[in-house]
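All residue numbers in this chain count up from 1 along the given sequence.
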Amino acid sequence: MSLAVIGAGGHARVVIGLCRALGLDVRGLYDDFETNSVMGVPILGTTSSASGPAVLAIGDNRVRQRLSTLPCQWLTLVHPAAWVDPTVRLGAGSVVFAGAVIQPEAVLGSHCIVNTSASVDHECRLADFAQVAPGAHLGGRVIVGEGAFLGIGASVIQGIEIGAWATVGAGAAVVKHVEPGVQVVGVPAKPRVRVP
């Protein structure tokens, strides 16, 4: 299968690697700012010209949300070195990278990212555009709201809710619910600022 990768920044490199691990042919990249090839893959045009089978290679959750309206057939990709239980439901356009583990009955919405060596335990729910960064870990029954971002190495104990568009800082340990739009940092995680 041949597909387009939308985005040509740092995250595109990991997505290209994932596609190659799956034996998929990346026909080209679409980006509004970059003009050079990435890992030997040419830039074919701007994001607005993308169509057909594609995957978003955009780390910014809000930009990924905006670009999800492009007229593409969004592919859901799981790295062969990831483990995803057969009962897991993955939304259109979601990507799961090498070393990630997603346990039974977890549900991911559309265009979610579960990054390198992250873990999502049983019965977790990730809403559309949520992102779990490399090495982050979610205990069982965690609910992650739309567009929420969990930073590198963050940990969330079981049963916690992370509100929509909230940010959990790198290395934070979340032991209490996080309100929508709030940024939390530290061990234990505490609010830092309200994100617009």
Exercise. Are Val26 and Val38 grouped together when hydrophobic residues (ILVMFWY) are joined by side-chain heavy atoms under 4.5 angstrom apart?
Worked result: yes

For this session: Take Asp85 and Gln103, measure what side chain to side chain donor-acceptor pair (under 3.5 Å) needs, and give me the verdict at the end.
Result: CA-CA 5 Å; Asp85 187 84; Gln103 295 288 8; over 6 Å; no

For this session: To the nearest 0.5 angstrom, please state how far the CG atom of Leu90 sits from the CG atom of Leu126.
Result: 10.0 Å

Exercise. Backbone N or O of Ala148 within a donor-acceptor pair of the Asn61 side chain at under 3.5 Å?
Worked result: yes

Exercise. Looking at Cys124 and Leu138, what are the two nearest heavy atoms and their distance?
Worked result: SG-CB, 4.1 Å

Exercise. Measuring from Lys176:NZ to Lys190:NZ, what's the distance to the nearest 0.5 Å?
Worked result: 8.0 Å

For this session: Return yes if some donor-acceptor pair links the side-chain N/O of Arg66 with the main-chain N/O of Arg62 below 3.5 Å, else return no.
Result: no

Exercise. Hey, any chance Leu77 and Phe97 share a hydrophobic cluster, counting ILVMFWY side chains that come within less than 4.5 Å of each other, even indirectly?
Worked result: yes

Exercise. Are Val132 and Val88 connected in a single hydrophobic cluster, I mean Ile/Leu/Val/Met/Phe/Trp/Tyr linked by side-chain heavy atoms less than 4.5 Å apart?
Worked result: yes

Exercise. Counting only N and O atoms by type, is there a donor-acceptor contact under 3.5 Å from the side chain of Thr167 to the main-chain atoms of Gln183?
Worked result: no

Exercise. Do His137 and Ser155 have side-chain atoms, one donor and one acceptor, less than 3.5 Å apart?
Worked result: no

For this session: Kindly compute the distance separating NE2 (His11) from CZ (Arg64), expressed to the nearest 0.5 Å.
Result: 6.5 Å

For this session: Supply the atom-to-atom distance Gln65 CD to Ser110 OG, rounded to the nearest 0.5 angstrom.
Result: 11.0 Å

Exercise. Would Leu108 and Ile143 show up in the same hydrophobic cluster when neighbours are defined by side-chain heavy atoms closer than 4.5 Å?
Worked result: no

For this session: Answer yes or no: does atom CZ of Arg20 have more than 12 heavy-atom neighbours from other residues, nucleotides or ligands under 6.0 Å?
Result: yes

Output a table of donor-acceptor pairs, distance under 3.5 Å, between side-chain atoms of residues 39-58 and any protein atom two or more places apart or on a different chain; print 'none' if there are none.
{"residue": "Thr46", "atom": "OG1", "partner": "Ser48", "partner atom": "OG", "Å": "3.2"}
{"residue": "Thr47", "atom": "OG1", "partner": "Asp32", "partner atom": "OD1", "Å": "2.9"}
{"residue": "Thr47", "atom": "OG1", "partner": "Asp32", "partner atom": "OD2", "Å": "2.9"}
{"residue": "Ser49", "atom": "OG", "partner": "Thr46", "partner atom": "N", "Å": "3.4"}
{"residue": "Ser49", "atom": "OG", "partner": "Thr46", "partner atom": "O", "Å": "2.7"}

Exercise. How many angstroms lie between atom CD1 of Ile113 and atom CD of Gln131, to the nearest 0.5 angstrom?
Worked result: 4.0 Å

Exercise. To the nearest 0.5 Å, what is the distance between CD1 (Ile102) and CG (Asp121)?
Worked result: 11.0 Å

For this session: Can you label the angle between the Trp165 ring and the Phe129 ring as parallel, tilted or perpendicular, going by 30° and 60°?
Result: parallel

For this session: Give a yes or no on whether Val5 and Leu24 share a hydrophobic cluster (residues Ile, Leu, Val, Met, Phe, Trp, Tyr; joining criterion: side-chain heavy atoms under 4.5 Å apart).
Result: yes

